[in-house]
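On a predicted model such as this, the values are computed, not experimentally measured, just so you know. Every chain is numbered from 1, with letters handed out A, B, ... down the list of sequences.
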Amino acid sequence: MTRVAVERLLSGLNEPQREAVLHAEGPLLVLAGPGSGKTRVITRRAAYLASTVTYPRHVLAITFTNKAAKEMQERVRTLDVEPGITVSTFHALCARLLRQYHEAANVPRNFTVFDRDDRRKLLKLAIERCDLSETNWTPAKVEAVISRAKNALQTPVEFSAANLDWSMRTIARVYAAYEQLLSEMGGLDFDDLLMRMALILEQQPALRDKLEDRFRYVLVDEYQDTNAAQYKIARLLTRDHQNLCATGDPDQSIYGWRGADIGNILAFERDYPNAKLVRLEQNYRSTKRILQSADRLITGNLKRKAKTLWTQNEDGLSVRVIECETSEEEAQTVADDIAAQIGAGVAPSEIAVFYRINSLSRSVEETLLRRGIVYQVARGVEFYNRKEIKDVLAYLRVLVNPADEVSLLRIINMPPRGIGDTTIERLESLARTTGRRVYEVLAGNGDLTALGRSAAKVHQFGDLLGQLAPAIHQPTPRALEFIVRHSGLHAHYAAETNEIETPLANIDELISAATEYHEDHPDSTVLQWLEHAALLSDIDTVRGQNGAVTLMTLHAAKGLEFTCVYIIGLENGLLPFRRPDDLLGDEEEERRLCFVGMTRAKRRLILSRAKYRLLRGQTERTARSPYLDELPDDGVEWIESKAPVTARQKAGLHGRLPQDSADWEIGTLVRHPLYGLGQVTGLTRGGRRTHVHVRFPDGSDRTWMLEFSDLQRVEFDEVE
DNA sequence: AATATTCCCGTTTTT
DNA sequence: CGGGAATATT
């Protein structure tokens with residue numbers, strides 16, 4: 001690369017940023033405050049290494065999310081670097097390497113990644129196998145303990161040895177049974193991906209050497225959120241060449257609950273005594289007032305390395321704290337302000353609402369919906385959690401990895417084909433007694449008479465799988481279409497009429513997603529796509545562009561920035577979050593979480609709380625978050641939201657006028673405050689909910705839950 | 001065997 | 001409140 005080109009990589013960077021970009025050999029720690037241009041630095045650094053110092057294939061960058069990986073890959077490309085660097089999350093990287101070196105890793109070549117649901121199911125089985133009761137040993141609790149053990153790289157035996165008390169010993173038994181089940185099914189859970197990789201790097205020197213030689217320059221972003229397994233992987237990959245660049249910010253460590261150890265970043269200089277340290281402290285993102293407020297808050301943390309955040313940006317607006325009466329009012333106030341900002345010309349995509357727990361999104365969603373403000377919720381996993389989506393994926397998973405009995409049992413009677421619980425039990429016991437796996441019983445032409453009358457149906461199902469099997473060698477979108485069509489799922493879901501939820505539309509969307517992925521990765525296999533889908537996170541599925549306001553948890557907000565930021569629910573027990581039963585909770589981590597949220601804001605930051613909050617069906621009195629009291633006096637404006645008593649609130653019932661579903665029928669003319677006049681085209685009455693479908697003159701169809709809608713009946717004579 | 005209904009429970013954050 | 005499991009019904 002020419003001198004001119006290197007100059008270009010350095011253009012617009014300040015001195016410490018340049019140092020970080022140009023430091024090639026040896027360990028480097030970049031402590032980067034919020035908004036300090038870290039992304040720019042690591043992108044340029046990767047480009048510099050790939051083009052000037054070495055070849056692209058020797059550069060590895062590990063990011064926290066898939067989305068960040070994709071963006072970084074693209075940015076490096078626009079810097080005119082030859083393709084070939086590896087940018088990936090820890091999990092995706094490990095999955096790829098474990099598959100590539102499956103023999104050394106002692107995992108099946110076609111292992112599948114078991115998500116949280118699968119893991120729960122398997123744990124239930126494991127608890128059962130250990131003759132324990134699910135009430136005493138709840139899957140959730142056991143899951144947490146096992147996950148922690150795996151993150152600490154403890155096998156069942158080691159875990160058992162390390163714990164003397166009876167309860168932990170018992171969980172160790174479940175852990176062992178769970179591992180047995182996983183291995184029988186050819187599955188790896190999220191933690192396994194890291195743990196296995198760490199262990200083979202440790203135990204197989206030849207492979208470790210090979211990988212270290214491949215990845216000669218390693219960058220780990222968000223180093224403050226690495227856990228023991230990730231730490232070990234990073235260290236082992238760079239043991240000899242020591243070219244590890246860690247970037248991050250201890251003040252933004254927010255994943256302690258999932259095993260992340262803030263100590264990893266704090267001890268970097270001890271681990272690497274000759275490390276170069278670069279501090280990025282100039283903030284280019286936020287106004288002075290926003291930065292000062294956030295900085296003041298974070299100084300409340302006692303266990304902390306002091307640092308100086310500063311900015312040359314303007315003072316800006318005061319940070320606002322809005323105290324509302326109720327959570328509904330809070331949502332309305334936020335929606336009002338959002339509407340005003342959009343009216344003033346702020347792009348909706350520059351606006352975000354953050355909250356501590358997902359369930360808080362609902363109130364804001366409702367108010368935005370009513371105002372017709374387009375929004376997106378960073379909760380993409382929910383899409384992959386839909387029943388129909390899981391059904392389709394289960395077919396793929398079974399075809400790719402027939403040992404996956406969790407998926408097999410999911411589809412054996414989906415669509416319904418007359419194979420009920422008793423038949424399944426018989427099938428399982430037949431498999432057990434003949435020492436085979438269930439899929440082997442299905443695939444073999446053996447004797448199914450033990451299954452009684454259902455034998456024919458089971459046999460048919462085995463045939464069906466045989467017919468579908470070739471599809472997985474097709475490109476994923478085609479495989480999906482084939483399977484959806486021929487499995488009977490299509491017919492099954494097409495038959496479901498008058499539903500608001502349209503499974504077929506979701507399946508189409510799944511195929512679109514696969515198509516998009518396939519365009520980006522033309523040579524990818526079904527197996528790779530499944531893996532990709534399993535490792536997607538909430539934030540990965542946010543579609544950046546379009547004119548939508550973004551709603552997300554504070555955790556998902558890390559690494560992003562918006563012109564206007566609203567953080568709702570600043571109440572004691574909610575932020576900082578505290579579980580009802582237990583007193584503990586890392587209050588410093590909660591403070592960091594708030595800090596992360598505040599520092600996402602460029603120009604306008606609003607913090608809100610409600611004195612009464614409707615949570616899980618009950619309105620409760622709340623107390624203000626202590627964090628609000630820690631904000632500086634200057635530059636913060638406190639607003640007591642006046643509570644306009646509307647007809648709605650007087651009417652009670654979630655602040656809405658009661659609607660009587662008896663008044664509604666197909667053809668009824670209605671008026672909506674936003675969309676105007678429309679006509680009811682359908683009603684879906686569920687257990688306690690009624691959904692109204694309405695068509696408007698512009699041809700659009702919309703659906704509301706009757707009790708929440710702002711629809712009003714219109715009599716014919718009014719229309720004239 | 002499949003579907004409809006009721007009841008009970010648990011309460012975060014996510015790869 | 002909402003989801004999942006257990007139970008009742010056809």
Find the distance [X]:[atom1] to [N]:[atom2] and express it as a whole number of Å.
X	N	atom1	atom2	answer
A/Asn413	B/dA2	CG	C1'	9 Å
A/Lys387	C/dG2	NZ	P	21 Å
A/Glu143	B/dT12	CD	P	13 Å
A/Glu425	B/dA1	CD	P	10 Å
A/Leu574	B/dT12	CG	P	11 Å
A/Leu615	B/dT11	CG	P	13 Å
A/Ile254	B/dT12	CD1	P	18 Å
A/Met414	B/dA2	CE	C1'	12 Å

For C/dG4 versus B/dT13, give the span between their P atoms, rounded off to a whole number of Å.
15 Å
Residues forming a ring-ring contact (aromatic ring centres under 6.0 Å, His included) with A/His521, sequence neighbours excluded:
A/Tyr517
Test of understanding: with ring-ring contact (aromatic ring centres under 6.0 Å, His included), list the residues that count as partners of A/Tyr223, not counting sequence neighbours.
A/Phe268
Answer yes or no: does a side-chain N or O of [X] lie under 4.0 Å from OP1 or OP2 of [N]?
X	N	value
A/Thr553	B/dT14	yes
A/Lys124	C/dA5	yes
A/Asn358	B/dT13	yes

What nucleic acid atoms does [X] come within less than 4.0 Å of, heavy atoms only: base, sugar-phosphate, or nothing?
X	result
A/Arg362	sugar-phosphate
A/Thr65	nothing
A/Asp421	sugar-phosphate

Between A/Lys457 and A/Leu593, the residue closer to the 5' end of DNA chain B by nearest nucleotide is A/Lys457
Hey, which of these two, A/Arg356 or A/Asp191, hits DNA chain B nearer its 5' end, going by closest nucleotide?
A/Arg356
Give me the ring orientation class for A/Phe64 and A/Tyr255: parallel if the planes are under 30° apart, tilted from 30 to 60°, perpendicular past 60°.
tilted
Stacking between A/Trp257 and the base of B/dT13 (centre distance under 5.5 Å, interplanar angle under 30°)?
yes
Out of C/dG2, B/dT14, B/dA2, which nucleotide sits closest to the side chain of A/His555?
B/dT14
From the candidates B/dT3, B/dT14, C/dG2, the one with an atom nearest any side-chain atom of A/Pro416 is B/dT3
Any carboxylate oxygen within less than 4.0 angstrom of a Lys/Arg side-chain nitrogen, looking at A/Glu531 and A/Arg96?
no
Does NZ or CZ of A/Arg592 come closer than 6.0 Å to the centre of the six-membered ring of A/Phe595, within 45° of the ring's axis?
no
